[in-house]
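See structure below.
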Protein chains: 2
Amino acid sequence: MTMDPTIDLWFEFGSTYSYPAACRAEGVARARGFRIRFQPLLLGPLFRELGWNDSPFNLYPVKGRYMWRDLERICADEDLPLRRPSQFPRNGLRAARVACVEPDAAWLPEFVKRVYHANFAEDRDIADRAVVRDCLVGVVEDPDALLEASGAPEVKDRLRANTERAASLGIFGAPTFVVGKELFWGNDRLEQALKFASNERSTV
Amino acid sequence: MTMDPTIDLWFEFGSTYSYPAACRAEGVARARGFRIRFQPLLLGPLFRELGWNDSPFNLYPVKGRYMWRDLERICADEDLPLRRPSQFPRNGLRAARVACVEPDAAWLPEFVKRVYHANFAEDRDIADRAVVRDCLVGVVEDPDALLEASGAPEVKDRLRANTERAASLGIFGAPTFVVGKELFWGNDRLEQALKFASNERSTV
């Protein structure tokens, strides 16, 4: 038995469109014989490169209004609960570090989805240690040990390196799907990424 | 026989993603029982509202690089010829005024597609009167009369009013599909717009 070929999903916990992407990517990919590898990054440093000190959805309110309505429609289509967070964007640093403790771990997808649910369906503050802990309960054996580990210098470095690698790939927003050197930016590009990956596979 | 229900396609001649949108929208819409109404606007005034004095694809080169590659993939998928214009964005004012002479005219879709082809497949300067004229030959009876008419104050006003209406609808980019009060931004949202319109129709 060989491993299914992998598509990277680069995500940030504060990013709105990453929520439906993280929730639907695995199912859609599996149906086409692909596996999703969750790659956490921080948008803050990437946005600062563009001269932004906040989410573009806050900096440009007309884009923000559109995005929230669009997200509403997308979540309704995907049967995903959505409650507009009372704070946006929320700081995803702590959760992103947890996601870096054990890269590509089997528990990671479930944790990622729980954090998104906390942020975008329950309006909970994912910067809060207790909230992140709740997202680990029942997902890993020892939530406290994992939280503890997420504060280690090498884990912090891993997240920093991940974000730098994302930038070097040409990533400027989340979610971004990556197939080889090809970027597909946006939740709505998952299908295109899979189509591209399928064509690659059949021509190898 | 009743008229097919209509979806507005707001476009700008200088906009890259408006090119595949303008070329494929009618066919996709017709297959689902909808008609596309071409609505010209100018992005310049909308971008200035956001503080931009150029295309965001020039202001943010990392986004520009992604966009050109993405457009390449999209055009390949749609069998649309693409030659990256030597000047970007090109000034679509003259062509947009021609598109405002006779709003919703039967010849308009063909003219629109010809202008996009000139800009994005032939690398011709669509700001040039001779190029716009070429796009009218064989499309309207009297290209010169139409060009002449496009300079009339009421036509200029019509384009200005169109752009103001777009802004008041919440439009901030092109292409944007509009169904009632719902906006769908981007070439890739045509299918979502049509699905929404179909649901609206079936629940009336």
Side-chain angles (χ1 to χ4, degrees), chain A residues 10 17 20 43 45-52 54 56-78 166-174 176-200, chain B residues 10 17 20 43 45-52 54 56-78 166-174 176-200:
Chain A
W10 290 84
Y17 287 112
L43 281 179
L46 302 186
F47 283 175
R48 275 193 291 278
E49 287 290 311
L50 299 174
W52 302 336
D54 194 354
F57 299 126
N58 290 339
L59 294 173
Y60 306 112
V62 67
K63 292 190 140 205
R65 275 192 295 279
Y66 172 77
M67 179 277 291
W68 288 112
R69 174 59 187 137
D70 193 38
L71 189 68
E72 224 170 57
R73 292 187 305 224
I74 291 166
C75 289
D77 267 2
E78 297 284 329
S168 76
L169 291 169
I171 290 175
F172 51 87
T176 297
F177 301 96
V178 179
V179 180
K181 289 187 169 182
E182 297 282 325
L183 309 185
F184 299 86
W185 174 46
N187 166 60
D188 49 8
R189 293 307 175 84
L190 170 59
E191 284 74 10
Q192 202 190 345
L194 286 164
K195 193 178 152 192
F196 188 91
S198 298
N199 289 342
E200 288 291 286
Chain B
W10 291 84
Y17 287 112
L43 281 179
L46 302 185
F47 283 175
R48 275 193 291 278
E49 288 290 311
L50 299 173
W52 301 336
D54 195 352
F57 298 125
N58 291 338
L59 294 172
Y60 306 112
V62 68
K63 294 190 138 204
R65 274 192 294 278
Y66 173 76
M67 179 277 290
W68 289 112
R69 174 61 188 137
D70 193 39
L71 190 68
E72 225 170 57
R73 292 187 305 225
I74 292 167
C75 288
D77 267 1
E78 296 286 328
S168 76
L169 289 169
I171 290 175
F172 52 87
T176 297
F177 301 96
V178 179
V179 180
K181 289 188 170 180
E182 298 283 325
L183 308 185
F184 299 86
W185 176 44
N187 166 61
D188 49 9
R189 294 307 175 84
L190 169 59
E191 284 73 10
Q192 200 189 347
L194 284 164
K195 192 177 154 194
F196 188 92
S198 297
N199 289 342
E200 287 291 285

- Tell me, please, which residues at least two apart from B:Asn58 pass side-chain contact (heavy atoms from CB on, under 4.5 Å). B:Asp54, B:Ser55, B:Phe88, B:Pro89

- Message: Using the side chain to side chain donor-acceptor pair (under 3.5 Å) criterion, which residues pair with A:Trp68? Sequence neighbours excluded.
- Response: none

- Query: Under a 4.5 Å heavy-atom cutoff, which of B:Arg65, B:Lys63, B:Glu49 has the most pairs with chain A?
  - Reply: B:Lys63

- Run through A:Asn187, A:Asp70, A:Asp188 and flag the one making a side-chain hydrogen bond (donor to acceptor under 3.5 Å, both in side chains) with A:Tyr17. A:Asp70

- Using non-hydrogen atoms only, which part of B:Arg69 is less than 4.5 Å away from chain A: side chain, backbone, both, or neither? side chain

- Task: Name the region of A:Gln192, side chain, backbone, both or neither, that has any atom closer than 4.5 Å to a heavy atom of chain B.
- Result: side chain

- Given that the side chain runs from C-beta out, which part of B:Phe196 has a heavy atom under 4.5 Å from chain A: side chain, backbone, both or neither? side chain

- Item | Inter-residue atom distance A:Glu182.CD - A:Leu169.CG, 0.5 Å rounding | 12.0 Å

